Amino acid sequence: MMPAMSKVAGERDLAALTVLGAGYVGLPTAVCLAALGHCVVCCDIDASKIESLALGVATVSEEGLQELLDDGISSGRLRFVVDSAEAVETADMVFLCLPTPQLEDGSVDVSILEAAVHRIGSRLKSGAVVVTKSTVPMGQAQKICEILRRDDVEVVSNPEFLREGHAIYDTFHPERIVVGARDPDVAERVGKLWSTTGAPLLITDPITAETIKYASNAFLAAKLSFVNEVANLCEAVGADSEGVLHGMSYDHRIGADYLNPSPGWGGPCLSKDAHALVNISKEFGYDFAMVRTAIEVNERQMDLICEKIRNSVGGVLAGRVVAVWGLTFKAGTDDLRNSPAVEITRRLAVEGAIIQAYDPSVQSQRPELSENVTVHSDRYEACRNAEVLVVLTEWEEFRSSDFDKVSSELAQPNIVDGRNALDPAILRRLAFRYVGLGRP
Ligand code: UDX
């Protein structure tokens with residue numbers, strides 16, 4: 001999928017770029033930069049991943065990625081190599097798109113990123129720019145400078161705001177480009193890479209850029225916890241959460257996006273970044289109470305969903321069969337990392353429930369899932385003899401299911417809709433006992 005504004009950068013703007021990391025951020029970044037006309041080398045330590053990519057087989061499922069991968073390889077502008085210090089020697093800019101996982105105590109593990117910086121330090125050419133796209137704790141750009149000890153190399157923070165499943169679209173249609181650099185001219189150079197997108201370029205110092213990323217994700221997490229609390233309040237007072245949230249959405253200061261109640265928010269970024277922000281704030285002597293509470297509300301939301309499920313089967317989950325539709329952290333991805341659905345099935349399993357799951361993008365048992373979870377490849381089969389059907393991910397196809405068939409498969413006509421994805425009126429006409437989120 002070539003973007004509408006994919007004007008290839010003018011000859012003089014073309015750069016030799018190296019992207020370290022071929023994951024959910026690195027790979028889309030590499031293919032998009034190649035599509036903009038740059039010469040890109042993408043590296044990863046996973047040799048089998050590089051082998052697939054070099055053969056043109058996408059290792060991440062993202063709309064439009066395969067086409068750009070094909071174009072990049074056939075044009076010769078995109079190459080894949082197993083991570084090596086050598087790969088950065090000719091680069092004008094090196095993008096760090098490496099994982100920064102969460103440690104047990106909520107802090108951020110920057111060891112992979114820092115190891116890469118150590119590896120490349122002496123090989124960077126004079127005048128090269130190291131660009132951090134990974135989400136890193138505030139002050140990391142400065143730490144990278146200290147590791148590099150190269151006065152002739154600049155370190156710049158250029159955080160990504162990509163949504164999984166929309167990474168290519170978001171790269172070509174960003175709402176803003178944030179570049180944090182000590183030298184504004186270097187920031188301009190990095191920002192120019194994305195100038196064809198037409199997005200506003202915000203130039204800041206590195207620590208401000210790093211903070212923008214955390215604050216944005218933590219704000220989104222807090223918004224979602226607020227939305228879930230609104231739905232819970234609606235349930236308590238007998239209001240209709242759909243109507244209330246719709247009413248709120250017309251205020252442009254609130255906005256219509258990100259207003260859907262859920263069994264909890266998750267995914268690899270929001271959760272990690274919210275925890276990290278609380279943790280980093282604490283290190284600096286500040287208690288970021290709103291984000292800390294947003295995390296607590298999210299935990300409680302998953303408990304509330306378990307309670308709805310438990311109540312639907314008469315109060316005890318041990319030995320009860322529960323059908324679950326949706327395992328991924330949101331629709332449109334195969335990613336189970338920090339998925340509320342996975343966490344809820346784990347909590348149900350701890351209480352002894354037997355879970356029969358279906359998810360359009362999960363075809364077999366995965367290590368993230370509890371032993372009590374059996375993955376089915378057919379949504380109706382997953383309902384067989386279950387006492388309740390629980391919807392945990394908002395896949396579009398669930399809405400158009402044959403609910404007569406669902407009813408004939410279930411042992412009891414109970415539905416707990418953790419996404420308010422189904423139509424309660426239709427289901428109640430079919431004699432289902434329907435429970436949603438703040439829906440009368
Ligand atoms: C997020 C940010 O959106 C992105 O800007 C950032 O760079 C990375 O983190 P992503 O992880 O792809 O992107 O997920 P997103 O689409 O934001 O959804 C996060 C969670 O919020 C999911 O669990 C989703 O189901 C939930 N969500 C989203 C809701 O519960 N309700 C909504 O209305 C929207």
Side-chain angles (χ1 to χ4, degrees), residues 23-26 28-29 60-63 97 99-100 102 132-136 157-171 173-178 199 209-210 212-232 241-242 244-246 248-249 254-277 294-295 297-299 301-302 304-305 326-344 359 361 391-396 398 417-421 436-438:
Y24 282 95
V25 174
T29 301
V60 162
S61 159
E62 281 292 343
E63 205 185 333
C97 301
T100 49
Q102 187 183 330
T132 310
K133 279 208 120 17
S134 309
T135 305
V136 291
S157 167
N158 174 215
E160 55 78 20
F161 301 95
L162 312 176
R163 295 163 302 160
E164 253 185 61
H166 304 274
I168 303 296
Y169 180 88
D170 287 353
T171 304
H173 302 82
E175 284 173 326
R176 78 291 210 192
I177 303 291
V178 175
E210 290 162 349
I212 289 172
K213 175 62 196 273
Y214 277 113
S216 299
N217 271 1
F219 183 87
L220 293 174
K223 180 172 182 181
L224 293 174
S225 276
F226 191 92
V227 165
N228 282 338
E229 292 223 85
V230 168
N232 297 338
S241 63
E242 215 168 5
V244 170
L245 291 162
H246 183 65
M248 287 165 67
S249 73
I254 296 173
D257 288 340
Y258 246 63
L259 275 193
N260 297 318
S262 66
W265 42 265
C269 298
L270 286 204
S271 180
K272 177 171 81 79
D273 295 353
H275 279 94
L277 188 60
I295 295 169
V297 168
N298 202 41
E299 285 298 314
Q301 187 68 7
M302 293 188 263
L304 289 175
I305 301 293
L327 289 168
T328 52
F329 78 94
K330 65 175 184 178
T333 174
D334 58 357
D335 200 341
L336 296 181
R337 291 176 294 168
N338 279 324
S339 168
V342 171
E343 176 57 18
I344 287 166
D359 187 292
S361 71
V391 176
L392 293 177
T393 309
E394 75 287 18
W395 288 99
E396 191 58 39
F398 294 161
D417 182 358
R419 290 278 182 174
N420 281 358
L437 305 174

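If you're wondering where the values come from, they're calculated on a predicted model, not measured in any experiment. We count residues from 1, following the sequence as given. All ligand and atom numbering here is 1-based and tracks the order in the structure.
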Just by distance, no angles: are the side chains of K272 and T100 close enough, under 3.5 Å, to form a donor-acceptor pair? yes
For a quick test of reading the model, state the closest non-hydrogen atom pair linking I305 to G418 and the distance between them. CD1-CA, 4.4 Å
Closest protein heavy atom to atom 20 (C) of ligand 1, given as residue, atom name and distance to 0.1 Å: G266 O, 3.6 Å
The closest protein heavy-atom partner of atom 9 (O) of ligand 1 is C269 CB, 3.3 Å
With respect to P340, determine whether any N or O atom, backbone or side chain, lies less than 3.5 Å from an N or O atom of ligand 1. no
Can you tell me which portion of H166 lies within the under-4.0 Å heavy-atom range of ligand 1? Options are side chain, backbone, both, or neither. neither
Number the atoms of ligand 1 from 1 as they appear, then name those within less than 4.0 Å of a heavy atom of R419, with their elements. 25 (O), 30 (O)
Against heavy atoms of S262, which atoms of ligand 1 measure under 4.0 Å? 30 (O)
With sequence neighbours left out, which residue pairs that include part of residues 213-228 fulfil the salt bridge (Lys or Arg N to Asp or Glu O under 4.0 Å) condition? E160-K213
Which residue and non-hydrogen atom of the protein lie closest to atom 1 (C) of ligand 1, and at what distance in Å? L270 CD2, 4.0 Å
Counterpart residues, side-chain hydrogen bond (donor to acceptor under 3.5 Å, both in side chains), relative to H166 (two or more places apart): none
Mark up the atoms of ligand 1 that fall under 4.0 Å of a heavy atom belonging to W265, in ascending order. 21 (O), 23 (O)
Any heavy atom of L224 under 4.0 Å from ligand 1? The part involved is side chain
For E160, the ligand 1 atoms with a heavy-atom partner under 4.0 Å come out as 7 (O)
Could you tell me whether T333 approaches ligand 1 through its side chain, its backbone, both or neither, with non-hydrogen atoms closer than 4.0 Å? neither
